[in-house]
Amino acid sequence: MTTEWLTRFRFLLRKTLSRRKRQSELDEELHFHVEQSIAAKLAAGATAEEARRQALVEFGGVERTREQCHEARPGWWMGTVLQDARYALRGFRRNPVFTVTVIATLALGIGATTAVFSVVDRILFRSLPYAHDDRIVSVGLVQSLERQEFTVGGFFFDWRDNQKPFEAFAAQGALPHACDLVEANPAQLNCIVAQAGFLPMLGISPVLGRNFLPDEDRPNASRVALISYGLWLSHYNRDPGILNRLIDVDGSPARVVGVLPRGFELPTLQAADVMLPMALDEGVERKSSPGHAMRTFARLRPGVTIEQAKAELEPLFVHTRDTLIPAQIRKDFHLSVRSLRDRETKDVQLTSWILLGSVLAVLLIACANVASLMMARGEARERELAVRSALGASRGRLIRQTLTEAALLSFAGAAVGMALAEGLLRVFLDLAPTGIPFLARAGLDLRIALFTVLMSLVCGALFGLLPALQTPRVVALAARAAKSRKRTVLRRCLVAGQIAISMVLLSGAALLLKSFQNMEQQSLGIEAQGVLTARIALPGFRYDTGQKKMDFYLRAEEALRRLPGIRAVGFSDSVPPGGWNNDERFADLAAEGKPHPAQGTGGSVVSRGVTPDYFRALNIPIVLGRNFTEEDRRGNQILVVLSRLLAARMFPGEDPVGKRIERIRDDQWFTVVGVAENVKNGGLTQQNDPEIYFLRRSVQQDWGGRAPVGEVMSGAAPLMIVDAVLPPKTVAPWVRSQIAGIDPTVPVETETLSQSVSKLADRPRFETALLGFFAFCGLLMAVIGLYGVIAFVAAQRTQEIGVRMALGATRLNILRLIAAEGLRLILLGGVVGLAAALAASQLLKSLLYNVGPRDPATYLAVSLLLALVALAATLIPARAAMKVEPVAALRYE
Amino acid sequence: MAPSTDLLQGTLDLLILQTLVPGPMHGWGVAQRIQQVSREVLQIGQGSLYPALHRLEYKGWIRSDWGNSENNRRAKFYALTVAGRKRLETERETWERLSSAIGLVLGPEAQA
């Protein structure tokens, strides 16, 4: 084999003579053959004339032999590719309008697809940055208030030691915590704790140094730390001497034992600069209930599926549930094992698929348009192709020519599309809401470029093959302008298909738009206008008691109230409609003198700790009883206000004012003073939850003391709410300066309530804008395609029109004749599209708010819009046909 | 032109390689030799011969050199290469297997 290759190589070297040289050698060889043949015939006794004649007849076509000898040469076709390419380029230069249109259409399709792909790639396809990423799962319990898997020390070790489906099982801390790097160049960082087995489970090893040793992951072990690549770079200038250096984290030294790889991310996607050993005391944890909260991940053994793993864990889970979780809430806990990709991106996968699907639909429309254009060009060049075919070009060669043209066009389209994608991506990033994972890192890299090239190849094959398949019939040489109408069938199908696809896109976009409008126009139950919120992060080490915190906040309240134009200054944990809040279980609250509600029923109740001004600032009306008063704040009783929904559920048909409520879990009693109107409190799209407002009294445990006795407010930093007559822009700097006047070192984040409400709509806005854009592009291209075909058909039938007119057809008849062509396509495409849209819109269901996926009004509007635009596209060429002079039409060829 | 005896696909290669075993030969010679040896049954037209020669050359089984013919004309001579000899072995084996298989299918009376 090797020798064969060597010979071949040597041969190629030697024989890479110019084609002309090779040709002349071949000619000489063939010439010799003929001469020998003549000589043989002469020797057999033929006359010179006769011998020559016979030899030539026997010899046959020289040209064909030459061609075949040439084709025996390996790689001979490369020359023809270049030839084809040169020929194609010449053709493009002759027809710049065609070329530019095709490239622009393709660039739009490919560019948009590339941009979307670069956004969704990491969410849907790209492998996660861990070894065996497809086998890493998130394991733990879930319950109605916590949808992400968690474990606690009370059962973690039991599971770890007794599980069978995993080959590695390890946890990180539940949340990164803010920590201070105290040194010459201090910084506030995020620290995360993790077990010694955590990085090996992920298949990650430090780029420098080593992972924690099991001995270091014990209580009272000497303190060690891993630092992130980013911190190493920014803070230590990639100094390899960082190893074994002591750094001061939160006031105590830790020895750096390693540097995490560049681009390392926690499977929870949280940011962390420093990783410390979790150092749990196993003995203590095993006995505690619940123990430390953790996020646990595991690597499946090869061949074990997630379902199998879940089934195998079931007995452990049942044991944990029955021993560790109090009986009354047991039902609410479930075992969950999910792939890491689902854990990271489950909630955006649907959106990603929808965006990708719709952009691919746009690409399909673009390809169809280009195919249609190529076919139109093919018709115009039919005679040229027929001549080439008659001159001996094989059918394969002609198809290759068309494919070469298609490939050139699609590569040009891809190149322009790449540039367009860069721009589109920037627009996406500006539009995009926070909370779409990996978005900030989306960019055009090699992988995306490869995708683009692949896309353009598929595209080129698609629009190249369609016209190629119907190319040359030798009869075309004879054919005059009158061509069979059959040839446009394919183009018509394409146009109908385009209309159908745009129908699907348009309906999707319209549904999202309607849902978005519903979201924007709904009543939130609060008045966001003029309301400013300020979150003040008090540094924990100086404000270390509830008393100090309370003093600060009360001074701030007083200072702000003195400002001009301020209507109300209140406190809460958060503001509706979004925002984090403390939830209670409905089943945990019991009205005095009534039977306790059944455990595990009733869902959750939003709870907020507020001061009296909360209701005034947000303009939430009190419908029964009264608001909290300033005197109440100094009282001892824990007072509550219920939302109308909660009041109706706990006290159906009664007046709840003055009644008492018991919280079963800790035996706390609250007195109801009033009932407030419902507000939107579960985000913009969720059902309203019942809500209970606790009065935030002026006692230290209500302001996040170390161990709140009543645990009414579980230590959430209060949010200041300022309602002003003046615009929030004016008020914000005043608020900052007043707070700086009390303590200049505390950071203050201000935001208007309108902003935070609008932020909640970011995601639907993003989806709507993108899908709308795609639908618009799709419609535009489909309409252009329709116009093209109708204009073409009208031109083809010019002669026929002339005859009809000469026979007495009116111009209106002609208009009808041509418009009917378009109408049929619109109808066909529209009906198919409608059916497809009705089926496809089911996918959107979970993204829609207050509008069904089969909302008749939306479909009607979309159909009308499509019909109108498409009709316009038909009427323009139809009118042109109508205005044709009969005499000119008859002479038309 | 070539007679109606269609050559099995790939057989031409075998014939050419076999013909070149005694020594280098030009295209005309190859065609003549095959014709003679097969008692005029196999006539190779130049339309098949030269593409085949070129193909074999590109594959490295034969090589070509310009030399002088018997009547002192410049002609292209083809000669077997080492790889070509090996190829001939395998081609021949394949052929023998095939023809004996066909013989079996046709039955003993056909062989007789």
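Naming: A, B, ... by sequence-line order, numbering from 1 per chain. Every value quoted in this text rests on a predicted model; they were computed, and no experiment measured them.
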Trainee: For R74(B), is it the side chain, the backbone, both or neither that has a heavy atom under 4.5 Å from a heavy atom of chain A?
Mentor: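 Both backbone and side chain.
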Trainee: Hey, which residues of residues 37-48 of chain A are touching chain B, say heavy atoms under 4.5 Å apart?
Mentor: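 Against chain B, the residues of residues 37-48 of chain A that fall inside the cut-off (heavy atoms, under 4.5 Å) are S37(A), A40(A).
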Trainee: Show the nearest heavy-atom pair for residues E29(A) and Y50(B), with the distance to one decimal.
Mentor: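 Shortest heavy-atom contact: OE2-CE2, 3.4 Å.
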Trainee: Restricting to side chain to side chain contact (heavy atoms under 4.5 Å, CB included), what partner residues turn up for A88(A), sequence neighbours left out?
Mentor: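 Listed in chain order: F92(A), Q401(A), E405(A), L408(A).
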Trainee: Could you check whether atom CZ of R400(A) has more than 12 heavy atoms from other residues, nucleotides or ligands sitting under 6.0 Å from it?
Mentor: yes
Trainee: If I take atom CD from residue E35(A) and atom OG from residue S69(B), how far apart are they, to the nearest 0.5 angstrom?
Mentor: 9.0 Å
Trainee: If we only count heavy atoms from C-beta on, is the R73(B) to F32(A) side-chain gap below 4.5 Å?
Mentor: yes
Trainee: Among all residues two or more places apart in sequence or in another chain, which pass the side chain to side chain contact (heavy atoms under 4.5 Å, CB included) test with S38(B)?
Mentor: V41(B), L42(B)
Trainee: What part of L49(B) gets within 4.5 angstrom of chain A, counting heavy atoms only: side chain, backbone, both, or neither?
Mentor: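 Just its side chain gets close to chain A.
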Trainee: Give every donor-acceptor pair under 3.5 Å between a side-chain atom in residues 20-35 of chain B and any protein atom, sequence neighbours left out.
Mentor:
from, atom 1, to, atom 2, distance (Å)
H26(B), ND1, G29(B), N, 3.1
H26(B), NE2, E70(B), OE1, 3.2
Q35(B), NE2, E40(B), OE1, 3.1

